[in-house]
Q: 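This structure is in structure tokens; I'll ask about it shortly.
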Amino acid sequence: MVEKVSAAAGRRIALAAQGFGRPQPASVGTRQLNAMIERLRLLQLDSVNVFERSHYLPLFARLGAYDKALLDRLTFSTKARYVETWAHVASLIPLESWPLWRWRQRRMREKHFSKPASWAHSNAAMLDWLRSELAARGPVRVSEIEHEANRRKGTWWEWSDVKLGLEYLFDWGEVVPAGRRNFERIYALAEHVIPADLLELEVPEEEAHYLLMRDAVRAHGIGTLGDFADYYRLRNDRAKVALQRLVDEGEALPVRVAGWPDRHPHQAYLHRDARIPRSITAAALLSPFDPIVWERDRALRMFGFHYRIEIYTPPPKRLFGYYTLPVLVDDELVGRIDLKSDRQARVLRVQSAWYEEGHGAEVVERIMPAVRAAAAWQGLHGFVVQDWGTMAGELARQLGVPVAPRNE
């Protein structure tokens, strides 16, 4: 039985569990995409499209270039194998796991109705109208619903009452997205999307937590209670009960990781089937919402990588850039690159590029194939490297382009 692993071994275990360290396939089709989503168990959705929408990126990082339209058919078609719900956050999950979230949907409904002055109480007629509209018309986008309340309120980011009502029904599991069109949700009643046997399946809350934590431990390979609970944003007290059951059954093995505090809350657990590679060979650009880095404390503890996305930071206060992607080389995070797909000029703009401490020009050669592949995957044919960051000059040199002045 493994009782202690090195910090480096812990990184390799985690990366292997997440699908890194194996040669990328010569071509990527339905089988490879389904197998990787099955391994990850969810893809986080995010609307930012400055380089590429986030849910496409974890698969690209692990498998290489693929046809995004193929993933769209798998995830956003009316008969998709995956469905969107609140998991980590808004995420695509395997359709068969949808019943595991009924407890959260019920809790959300109870929360929204807990106060007599709540929006849900005050707009019961609107909610009933939306239910009947979806029953009569089938899947529709918000923009296709004609109602006097379907107008934004106040500033541009505020939702209309129609949009707000649909989101409440989505939170409660009454409405399920029947895919997306131009990334806009297509709303449908749950019975129009979820097969009847899954819709009627009741999973007790305790059992649902157990099954979700079992998935989380397997997807992590190694981690702490907090790591596993965060995968699906479960409360630690309920996750702890589920984790103890996994320990009792021998599926999660308590271990110590060198460099991690071995007392609560940093007691580590290893999945019994986790692969422990002697080495990991990888070079990838990670989404800010990739499971490797989305839990920032874990990224710091495991990789020594302090990461904060700076989308909402005023430009003069940004340290690294608007949408920096962590750079993985083998079992280390060696840098971060802020990318923008300039689709009009058909160039990939590197708006900043940075080495992590202890790394230098030697890593650029390793990541060049990933940078070139990212541009080709996006249908871009050139590069512009802005003069911002410790890696920018060497990256520009190896790409064969001059360093461009920094845009303030």
Side-chain angles (χ1 to χ4, degrees), residues 42 44-47 75-80 82-93 95-205 208 212 232-235:
L42 79 170
Q44 179 175 336
L45 294 163
D46 188 79
S47 62
T75 54
F76 292 147
S77 66
T78 54
K79 298 296 182 181
Y82 306 95
V83 67
E84 181 182 344
T85 195
W86 288 105
H88 181 76
V89 288
S91 305
L92 294 164
I93 62 169
L95 183 61
E96 70 271 11
S97 66
W98 189 82
L100 302 182
W101 298 101
R102 299 304 300 274
W103 63 272
R104 179 173 284 175
Q105 294 159 1
R106 284 191 291 267
R107 284 177 179 271
M108 292 287 281
R109 182 182 177 89
E110 291 167 3
K111 177 183 176 181
H112 292 150
F113 277 104
S114 62
K115 297 179 180 179
S118 69
W119 189 96
H121 267 297
S122 303
N123 290 271
M126 166 65 73
L127 293 169
D128 285 340
W129 183 84
L130 288 170
R131 292 182 183 103
S132 62
E133 185 77 356
L134 292 176
R137 296 183 58 188
V140 293
R141 294 180 291 174
V142 174
S143 58
E144 296 170 333
I145 294 179
E146 296 182 9
H147 193 285
E148 61 182 5
N150 197 11
R151 296 190 305 271
R152 290 185 186 275
K153 300 173 294 182
T155 49
W156 68 268
W157 61 84
E158 293 183 6
W159 288 345
S160 69
D161 282 335
V162 166
K163 171 67 172 176
L164 193 57
L166 289 169
E167 288 296 313
Y168 273 107
L169 294 172
F170 171 53
D171 289 347
W172 307 338
E174 292 187 48
V175 161
V176 174
R180 289 183 179 236
R181 189 177 305 146
N182 297 324
F183 210 65
E184 181 185 359
R185 279 184 181 137
I186 302 171
Y187 293 90
L189 294 178
E191 54 262 35
H192 294 163
V193 177
I194 307 297
D197 58 334
L198 294 178
L199 195 63
E200 296 167 3
L201 181 61
E202 287 292 333
V203 181
E205 183 174 339
L212 291 169
Y232 291 121
R233 297 288 170 88
L234 305 175
R235 280 179 43 172

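Position 1 is the first residue of the sequence; numbering continues from there.
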Q: Could you tell me which residues satisfy ring-ring contact (aromatic ring centres under 6.0 Å, His included) with Phe76, sequence neighbours excluded, listed by chain and number?
A: His55
Q: With the side chain counted from C-beta on, respond yes when Asp161 and Trp119 share a heavy-atom pair under 4.5 Å apart, and no when they do not.
A: yes
Q: My understanding is that only residues two or more places apart in sequence, or in another chain, count here; which of them pass ring-ring contact (aromatic ring centres under 6.0 Å, His included) with Tyr82?
A: none
Q: Step by step, work out the side chain to side chain contact (heavy atoms under 4.5 Å, CB included) result for Trp129 and Asn123.
A: CA-CA 10 Å; Trp129 183 84; Asn123 290 271; over 6 Å; no
Q: So among Ile194, Asp197, Val203, which one has a side chain to side chain contact (heavy atoms under 4.5 Å, CB included) with Pro99?
A: Val203
Q: With sequence neighbours excluded, what pairs up with Glu174 under the side-chain hydrogen bond (donor to acceptor under 3.5 Å, both in side chains) test?
A: Arg109, Arg131
Q: Return the CG to CG distance between Leu169 and Leu164, rounded to the nearest 0.5 Å.
A: 10.0 Å
Q: Would you sort out whether Trp101 and Leu212 count as a side chain to side chain contact (heavy atoms under 4.5 Å, CB included), showing the intermediate values?
A: CA-CA 9 Å; Trp101 298 101; Leu212 291 169; 3.6 Å; yes
Q: Mind listing the closest non-hydrogen atom pair of Phe183 and Ser47 along with its distance?
A: CE2-CA, 3.6 Å
Q: Any donor and acceptor pair, going by atom type alone, linking the side chain of Ser118 with main-chain N or O of Phe113 inside 3.5 Å?
A: no
Q: Which residues satisfy the side-chain hydrogen bond (donor to acceptor under 3.5 Å, both in side chains) test with Asp171, sequence neighbours excluded?
A: Trp86
Q: If you round to the nearest 0.5 Å, how far is CZ of Arg106 from CD of Glu110?
A: 8.5 Å
Q: List the residues meeting ring-ring contact (aromatic ring centres under 6.0 Å, His included) with His192, not counting sequence neighbours, and say none if there are none.
A: none
Q: Taking only Lys NZ, Arg NE, NH1 and NH2, and the carboxylate oxygens of Asp or Glu, determine whether Arg235 and Glu205 approach each other closer than 4.0 Å.
A: no
Q: Could you give me the CA-CA distance, side-chain angles and deciding distance for Leu127 and Trp172, then say whether side chain to side chain contact (heavy atoms under 4.5 Å, CB included) is met?
A: CA-CA 12 Å; Leu127 293 169; Trp172 307 338; 3.7 Å; yes
Q: Supply the atom-to-atom distance Leu42 CG to His88 NE2, rounded to the nearest 0.5 angstrom.
A: 7.5 Å
Q: If you compare all heavy atoms of Pro139 against all heavy atoms of Ile186, which two are closest, and at what distance to 0.1 Å?
A: CB-CG2, 3.6 Å
Q: Grab the two heavy atoms, one from Ala178 and one from Ala188, that are nearest each other, plus how far apart they are.
A: CB-CB, 4.0 Å
Q: What are the two closest non-hydrogen atoms of Phe170 and Arg185, and how far apart are they?
A: CE2-NH2, 3.4 Å
Q: Which heavy atom of Leu100 sits nearest a heavy atom of Ala208, and at what distance?
A: O-CB, 3.5 Å
Q: Regarding Lys163 and Glu167, does a basic nitrogen lie under 4.0 Å from an acidic carboxylate oxygen?
A: yes
Q: Does any donor atom in the side chain of Glu144 or Tyr187 lie under 3.5 Å from an acceptor atom in the other side chain?
A: no
Q: What I'd like to find out is whether the side chain of Leu234 reaches to under 4.5 Å of the side chain of Arg104, using heavy atoms alone.
A: yes
Q: Holding to salt bridge (charged side-chain N to carboxylate O under 4.0 Å, His left out), I want the full list of residues that pass it with Glu184, two or more places apart in sequence or in another chain.
A: Arg141
Q: Just by modelled atom types, is the Val89 backbone N or O under 3.5 Å from a matching donor or acceptor in the Ser91 side chain?
A: yes
Q: What's the verdict on side chain to side chain contact (heavy atoms under 4.5 Å, CB included) for Leu130 and Val175, showing C-alpha distance, side-chain angles and the deciding distance?
A: CA-CA 10 Å; Leu130 288 170; Val175 161; over 6 Å; no
Q: What pair of heavy atoms forms the shortest contact from Leu95 to Pro195, and how long is it?
A: CD2-CD, 3.8 Å
Q: Is it the case that the side chain of His112 and the backbone of Met108 share a donor-acceptor pair, with hydrogens and angles ignored and the cut-off at 3.5 Å?
A: yes
Q: Taking atom CG of Leu201 and atom CD of Glu96, what is their separation to the nearest 0.5 Å?
A: 11.5 Å
Q: Quick check against the 3.5 Å criterion: does Arg102 have a side-chain atom that pairs as donor or acceptor with the backbone of Leu199?
A: yes
